[in-house]
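A short write-up of the structure that comes next.
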Amino acid sequence: MTTTNSVSGLRIGDLAAATGASARSLRYYEQQELITSERSLGGQRHYDDATVERVRLIRQLLAAGLGTETIREVLPCVHDPAARTPWLAERLAAELDRIDDRIDCLQRTRTTLAAVIKDYRAG
DNA sequence: GTTCTGACA
DNA sequence: TGTCAGTA
């Protein structure tokens, strides 16, 4: 569309380019209430500059294996100490354990694959 | 041309 | 998450 209105901010294509997330993913993040946007008269989404950093963090957490529900719960306290609660601390500790388990799993797999490759190269 | 929603894979 | 359809 080429509608002109007063709504400023990044359009979904801009945010996608700035974060590496696809427009499809960005709409999904919004649907999951991980990010918010304003709508122009034509219904187009417009994002605040701060959303760029937020999306990068979301993708980092997603890549680490956290689910969207967990991210939604945890995101508020990352940059806002006031949002940190005992319950959230337990939640984060649980995620830390999961990540450690995952690291262990990856490390074992790495060792296995490395051995196979070494064996192959040795002929 | 870009984005929107809903739907299917 | 990609992609297709029909729009605005």
Side-chain angles (χ1 to χ4, degrees):
Chain A
M1 272 198 268
T2 315
T3 51
T4 302
N5 56 60
S6 60
V7 180
S8 62
L10 297 74
R11 291 187 310 173
I12 197 165
D14 303 323
L15 185 58
T19 61
S22 66
R24 173 71 178 79
S25 294
L26 294 173
R27 294 190 194 100
Y28 176 68
Y29 297 163
E30 184 174 321
Q31 185 188 347
Q32 296 304 304
E33 300 183 89
L34 266 32
I35 58 176
T36 57
S37 70
E38 290 183 7
R39 297 302 187 103
S40 60
L41 265 46
Q44 286 193 346
R45 295 173 173 78
H46 290 267
Y47 303 93
D48 184 88
D49 290 345
T51 308
V52 173
E53 186 187 352
R54 190 179 174 83
V55 170
R56 286 179 180 152
L57 176 57
I58 289 171
R59 287 169 61 74
Q60 179 189 322
L61 296 173
L62 240 24
L66 277 69
T68 55
E69 184 178 347
T70 300
I71 294 176
R72 189 188 315 125
E73 298 167 343
V74 163
L75 219 48
C77 81
V78 176
H79 295 298
D80 180 16
R84 292 168 193 168
T85 66
W87 177 81
L88 223 32
E90 284 183 35
R91 198 78 186 71
L92 292 179
E95 289 308 319
L96 228 48
D97 287 340
R98 265 190 208 82
I99 290 175
D100 286 341
D101 287 345
R102 200 176 179 193
I103 290 174
D104 288 341
C105 180
L106 289 172
Q107 238 152 24
R108 283 194 295 275
T109 300
R110 189 192 185 289
T111 299
T112 300
L113 297 184
V116 172
I117 293 172
K118 182 180 180 181
D119 197 53
Y120 168 74
R121 288 177 176 160

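Every heavy atom of this structure was used, including side-chain atoms; hydrogens, water molecules and symmetry mates were not. Numbered from 1 within each chain, the chains take letters A, B, ... in sequence-line order.
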Using atom [atom1] of [X] as one end and atom [atom2] of [N] as the other, report the distance to the nearest whole Å.
X	N	atom1	atom2	result
A/L41	B/dT3	CG	P	17 Å
A/D14	B/dT2	CG	P	11 Å
A/L26	B/dT5	CG	C1'	16 Å
A/E38	B/dC4	CD	C1'	17 Å
A/I12	C/dT1	CD1	P	12 Å
A/L15	B/dT3	CG	P	11 Å
A/Q44	C/dA8	CD	P	14 Å
A/H46	B/dC4	NE2	C1'	12 Å

Query - Residue mapping more 5' on DNA chain B - nearest nucleotide basis, A/R24 or A/G13 - result: A/G13

Requested in this report: Can you check whether any acceptor in the base of B/dT2 is under 3.5 Å from a donor in the side chain of A/R11, or vice versa?
Outcome: no

If you look at every heavy atom in [X] and [Y], which pair is closest and at what distance?
X	Y	result
A/A23	A/A16	N-CB, 4.1 Å
A/I12	A/R27	CD1-CG, 3.6 Å
A/R59	A/T19	NE-O, 3.5 Å

Requested in this report: Can you figure out which of C/dT1, C/dG2, B/dT5 approaches the side chain of A/R45 most closely?
Outcome: B/dT5

Query raised in the report: Does C/dG2 have OP1 or OP2 sitting under 4.0 Å from an N or O in the side chain of A/Y28?
Result: no

**Report entry** Residue-phosphate contact under 4.0 Å: A/S25 side-chain N/O, C/dT1 OP1/OP2
**Finding:** yes

Requested in this report: Identify the nucleotide, in any strand shown, that forms a Watson-Crick or G-U wobble pair with C/dA8, with both distances under 3.5 Å; if there is none, say none.
Outcome: B/dT2

Query raised in the report: If you measure only the distance, is there a donor-acceptor pair under 3.5 Å linking the side chains of A/S22 and A/S25?
Result: yes

Query raised in the report: Base, sugar-phosphate, or nothing: which does A/R27 touch, judged by heavy atoms less than 4.0 Å apart?
Result: base

Report task. Would you kindly confirm whether A/L10 and A/L41 end up in one hydrophobic cluster when ILVMFWY residues are joined by side chain heavy atoms under 4.5 Å apart? Result -> no

